[in-house]
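For the single chain, residues carry numbers from 1 onward in sequence order. Computed from a predicted model, the values in this text were never measured in an experiment.
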Amino acid sequence: MTLHTRLENICGATPLIKVSDRVYGKLEAYNPSGSVKDRFISYTIKKALLRGDISEDTILCEATSGNTGIALSAVAASLGLQCVIFMPVNMSEERRLMMRVYGAQIVDAPASDFQGAISLRNSFMQRNNNTWSPMQFSNPENIESHMTETGPEIAQQAGPAWSAFIHGSGTGGTIEGIRKFLRSEDMPVEVHMVVPAEKEHGIQGIGDGQDFLASPSKMSGIIEIKTDDAIHRAKRFARESGILVGISSGANILASEQWVDDNDPAGIVITMLCDRGERYMSIYNGKA
């Protein structure tokens, strides 16, 4: 078995676009299922196939807030495999619909309970021997994919005028992978983690209950963003640019702009526009 070339060949190499003064974003909607999670899933699936961990009767499964599940469901469809997704019941309906269109089965965990979703996944795998999971919250390949691929890609696009990388953390794979790349290249780029300001928040894709693969103590700083502010910034970006992005992208943009205002850097700030906004329309509806 091999990863379907139509998916593999269009994963990564996303454009770096100007968002506002000195803030640039990686437009991850260009990935095949529309989010940054395609990068890790493509990377780890290829490695699993090479090791022989996945066969024609393997069931792919994962605990997720949505985007990893969408990416995994798309790959499962391309390989002709079953896919079972475990996710908190309060994640957006649009994300669920996308996974179901790809043919995935969804098992609900309690609202905002990512540990509960992980426990459901683990129990399912213990009961079924023919399962495989990317284990996104603990798999070092999540970090490795961004250290070896995403980081160098951004560096080539940004050039020497790169002052800071600012990004929210869900699993932590993206921000920790890019932080490790920057340190391995001895690049003087600050790395700041975006976190929800509220304990009970609605910025789906970041702040998933614990730090997982990225430690806040290793970052240059932490920037808190409120859910409503993230939603409003994402919607304003859509009206300004014609590009509809998700809630976490709105948080990333706002945090980056605040950091530029507070620090007046000489170079540019890079952030991630993590996914497409269509998967949040039920949340955006009615928000100013």
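- The hydrophobic clustering, which links ILVMFWY residues whose side-chain heavy atoms are closer than 4.5 Å, places L273 and Y24 apart.
- Both L27 and L254 are members of a single hydrophobic cluster when ILVMFWY side chains are connected at heavy-atom separations under 4.5 Å.
- Looking at heavy atoms from C-beta onward, Y43 lies out of side-chain contact with C11 at the 4.5 angstrom threshold.
- Of the possible polar contacts, one joining the S92 side chain to the R279 backbone as a donor-acceptor pair under 3.5 Å is found.
- Residue M219 is not grouped with residue F212 when hydrophobic side chains (ILVMFWY) are merged at heavy-atom distances under 4.5 angstrom, including chains of intermediate members.
- Under a 3.5 Å cut-off, the side chain of T271 and the backbone N or O of I166 do form a donor-acceptor pair.
- The two residues P134 and L72 have their closest heavy-atom pair at CD-CD2, 4.0 Å.
- With hydrophobic clusters built from ILVMFWY side chains whose heavy atoms lie under 4.5 angstrom apart, I223 shares a cluster with V269.
- Side chain to side chain, E257 and S20 meet the donor-acceptor criterion of an N or O pair below 3.5 Å.
- Under 3.5 Å, the side chains of T227 and H201 contain no donor-acceptor pair of N or O atoms.
- Among all heavy-atom pairs drawn from Y284 and I247, the shortest one is OH-N, 3.2 Å.
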Exercise. Checking salt bridge (Lys or Arg N to Asp or Glu O under 4.0 Å) for the pair R95/D275: CA distance, chi angles, key distance, verdict?
Worked result: CA-CA 11 Å; R95 285 172 158 189; D275 61 4; 3.7 Å; yes

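- Other residues, nucleotides and ligands contribute at most 12 non-hydrogen atoms within 6.0 Å of the CD atom of Q82.
- Side-chain contact, Q210 with Q115: a donor N or O sits under 3.5 Å from an acceptor N or O.
- Checking side-chain atoms of T64 against main-chain N and O of G69 turns up a donor-acceptor pair under 3.5 Å.
- If you check the side chains of E141 and T44, you find a donor sitting under 3.5 Å from an acceptor.
- In this structure, the side chain of E28 does not engage the main chain of G34 through any donor-acceptor pair within 3.5 Å.
- Formation of a donor-acceptor pair under 3.5 Å by the N130 side chain with backbone atoms of T58 is not found in this model.
- Side-chain contact annotation: Q136 with T68, donor-acceptor N/O pair under 3.5 Å present.
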For this session: Please step through side-chain contact (heavy atoms from CB on, under 4.5 Å) for the pair I270 and V189, ending with a clear verdict.
Result: CA-CA 10 Å; I270 307 294; V189 177; over 6 Å; no

Problem set entry | side-chain contact (heavy atoms from CB on, under 4.5 Å) assessment of I45 paired with L60 | CA-CA 10 Å; I45 286 275; L60 306 186; 4.2 Å; yes

For this session: With side-chain contact (heavy atoms from CB on, under 4.5 Å) as the test, would you mind laying out the steps for E94 and E278 before giving the verdict?
Result: CA-CA 8 Å; E94 292 86 349; E278 290 91 336; over 6 Å; no

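- The side chain to side chain donor-acceptor pair (under 3.5 Å) analysis of residues 157-166, with sequence neighbours excluded, yields the pairs K26-Q157.
- Side-chain N or O atoms of N142 include none that pairs as donor or acceptor with a backbone N or O of G172 at under 3.5 Å.
- Nearest heavy-atom pair across V36 and M272 is CG2-CE, 3.7 Å.
- V101 and I70 fall into different hydrophobic clusters, where Ile, Leu, Val, Met, Phe, Trp and Tyr are joined by side-chain heavy atoms under 4.5 Å apart, directly or via other members.
- With a 4.5 Å cut-off on side-chain heavy atoms, S35 and C274 do not count as touching.
- Side-chain atoms of T171 and D208 form no donor-acceptor pair, as typed in the model, at a separation below 3.5 Å.
- Listed by first then second residue, pairs satisfying ring-ring contact (aromatic ring centres under 6.0 Å, His included) with a partner in residues 77-133 read F86-F124, not counting sequence neighbours.
- Screening I203, V194, N67 for a side chain to side chain contact (heavy atoms under 4.5 Å, CB included) involving S248 leaves a single residue, I203.
- Proximity of M135 to R121: side-chain heavy atoms (C-beta onward) are separated by under 4.5 Å at one or more points.
- Here CG of L79 is found 10.0 Å from CD of E56. Values are rounded to the nearest 0.5 Å.
- Between the S241 side chain and the F237 main chain, a donor and an acceptor come within less than 3.5 Å of each other.
- Counting only distance, with no hydrogens or angles, the side chain of R96 and the backbone of I106 share no donor-acceptor pair below 3.5 Å.
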Exercise. R183 and V191: side-chain contact (heavy atoms from CB on, under 4.5 Å), yes or no, with the steps?
Worked result: CA-CA 10 Å; R183 299 302 167 256; V191 179; 4.0 Å; yes

For this session: Run the numbers on E198 and K226 for salt bridge (Lys or Arg N to Asp or Glu O under 4.0 Å), then give the verdict.
Result: CA-CA 7 Å; E198 313 98 329; K226 294 179 179 178; over 6 Å; no

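- Among all heavy-atom pairs drawn from A104 and S73, the shortest one is CB-OG, 3.3 Å.
- Not a single donor-acceptor pair under 3.5 Å links the side chain of D229 to the backbone N or O of I225.
- A salt bridge is defined here as a Lys NZ or Arg NE, NH1 or NH2 lying under 4.0 Å from an Asp or Glu carboxylate O, and D53 with K47 fails to meet this definition.
- The shortest non-hydrogen separation linking T131 to C61 is CB-SG, 4.3 Å.
- Here the options are E144, E153, E149, the test is salt bridge (Lys or Arg N to Asp or Glu O under 4.0 Å), and the partner is R39; only E153 passes.
- In terms of heavy-atom proximity, S282 sits nearest to E93 at OG-N, 4.4 Å.
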